[in-house]
There are 2 protein chains.
Amino acid sequence: MMKEKFTGDELLALFEALSNPHRLRIISILAEGKQYVSQLAREAEMSRPLLYMHLQKLEKAGMVKTEMTVSEDGKAMKYYELLPFDFHITPELIRDAVKTLTIKKKEGNKK
Amino acid sequence: MMKEKFTGDELLALFEALSNPHRLRIISILAEGKQYVSQLAREAEMSRPLLYMHLQKLEKAGMVKTEMTVSEDGKAMKYYELLPFDFHITPELIRDAVKTLTIKKKEGNKK
DNA sequence: TACACCTGTAATATATTTATTACAGGTGTT
DNA sequence: AACACCTGTAATAAATATATTACAGGTGTA
């Protein structure tokens, strides 16, 4: 994800996704390799419902992708994988993005 | 501010500062040049008290610096200036920063 | 003096984010 | 059947972030 251009809303979603210590830790764990939800919850030391909430923000920002598989012993497994990225954040990038920023009262919160 | 290394807390403060549409707009305005508080409030179309709150987050993240001056006609003027930056955000950067991340219940909120 | 600017902050209300609890339903193994 | 895993979500509580209101106090000019 070597994105050159962002809309204001995309950039904002990205920063929002990155603005929480638990999500930074989740990213850090996923940087080591894909992982399934329950195991990720154990490693990140948080409940699954809470983890889902954080993962949804990362997903909304386009930082992770998911993959449903079935394990050898037949269990459904949902894997999360971190998409590679290298963002260059400059005042100019922000200035351009702000032009397309829609400041709204958070209605688009449903996935 | 071509920072190469961040502590976890510094990086988090940075992302928190960037995770609000009004603050992105403030950055965008300041990218054009330094400005004093009242004028900035008019350009950003927000009240001064609210603007102060946002500016404090930018200050906490080390993105702006301030300068008190006295105008020709004797008025006290507080100028805010955007510090230049070019952040390269990668999974590795986050992974390193997370090592020094202190997850706390926000006590250090006083400037 | 009244007015038009400027800085600064405390107290409070509102909105959003974060976190928890309690569920439902699936598989394979003992 | 009971157990140990897995996914998924709704309802709610608690903590923070955002926004407003109401102040106090400074300067120079009409």
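Keep in mind the model is a prediction, meaning the values are calculated, not measured. The sequence lines fix the lettering, A, B, ..., with proteins before strands; numbering per chain opens at 1.
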Under 4.0 angstrom between B/His54 side-chain N/O and D/dA19 OP1 or OP2: yes

d(CE, A/Met53; C1', D/dT9) in whole Å: 14 Å

Residues within residues 29-37 of chain A bordering DNA chain C, heavy-atom distance below 4.0 Å: none

Partners meeting side chain to side chain donor-acceptor pair (under 3.5 Å) with A/Tyr79 (sequence neighbours left out): none

Atom-pair distance (CG on B/Leu40; C1' on C/dT7), nearest Å: 14 Å

Side-chain donor-acceptor pair present, B/Asp73, B/Ser71, cut-off under 3.5 Å: yes

Sugar-phosphate, base or nothing in reach of B/Met68, heavy atoms under 4.0 Å: sugar-phosphate

Which residues share a salt bridge (charged side-chain N to carboxylate O under 4.0 Å, His left out) with B/Glu43, sequence neighbours left out: none

Residue B/Lys78, side-chain heavy atoms: nucleotide from D/dA19, D/dG8, C/dT7 that is nearest: C/dT7

Nucleotide D/dT16, atom P - distance to CG of A/Asn20 in whole Å: 12 Å

Whichever hydrophobic residues join A/Met68 through chains of side-chain contacts under 4.5 Å: none

Partners passing side chain to side chain donor-acceptor pair (under 3.5 Å) against B/Lys65 (at least two apart in sequence or in another chain): none

Rounded distance in Å - CG (A/Leu55) to P (D/dG8): 11 Å

For atom CZ of A/Phe15 and atom C1' of C/dT16, their distance in whole Å: 20 Å

Near-strand residues of residues 70-77 of chain A, defined as heavy-atom separation under 4.0 angstrom from DNA chain C: A/Asp73, A/Gly74

Spacing between B/Glu59 atom CD and C/dT7 atom P, to the nearest angstrom: 14 Å

Contacts of type ring-ring contact (aromatic ring centres under 6.0 Å, His included), residue A/Tyr80, not counting sequence neighbours: none

Salt bridge B/Lys34-B/Glu67, side-chain N to carboxylate O under 4.0 Å: yes

Closest listed nucleotide, where the reference is the side chain of A/Ser47 and the choices are D/dA22, C/dT20, C/dC6: C/dT20

For atom CZ of B/Arg48 and atom C1' of D/dA19, their distance in whole Å: 15 Å

Atom pair distance, as rounded to whole Å: OH in B/Tyr52 and P in C/dC6: 11 Å

Contact nearer the 5' end of DNA chain D, comparing A/Tyr79 with B/Ser19: A/Tyr79

Closest listed nucleotide, where the reference is the side chain of B/Ser38 and the choices are D/dT21, D/dA10, C/dC6: C/dC6

Toward the 5' end of DNA chain C, by each residue's nearest nucleotide, B/Arg42 or B/Pro49: B/Arg42

side-chain hydrogen bond (donor to acceptor under 3.5 Å, both in side chains) contacts touching residues 45-57 of chain B (sequence neighbours left out): B/Arg23-B/His54

Minimal non-hydrogen separation, A/Leu11 against A/Ala97, with atom names: CD2-CB, 3.7 Å

With A/Leu82 via side-chain contact (heavy atoms from CB on, under 4.5 Å) - residues at least two apart: A/Ile27, A/Leu30, A/Ala31, A/Val64, A/Phe85, B/Pro91

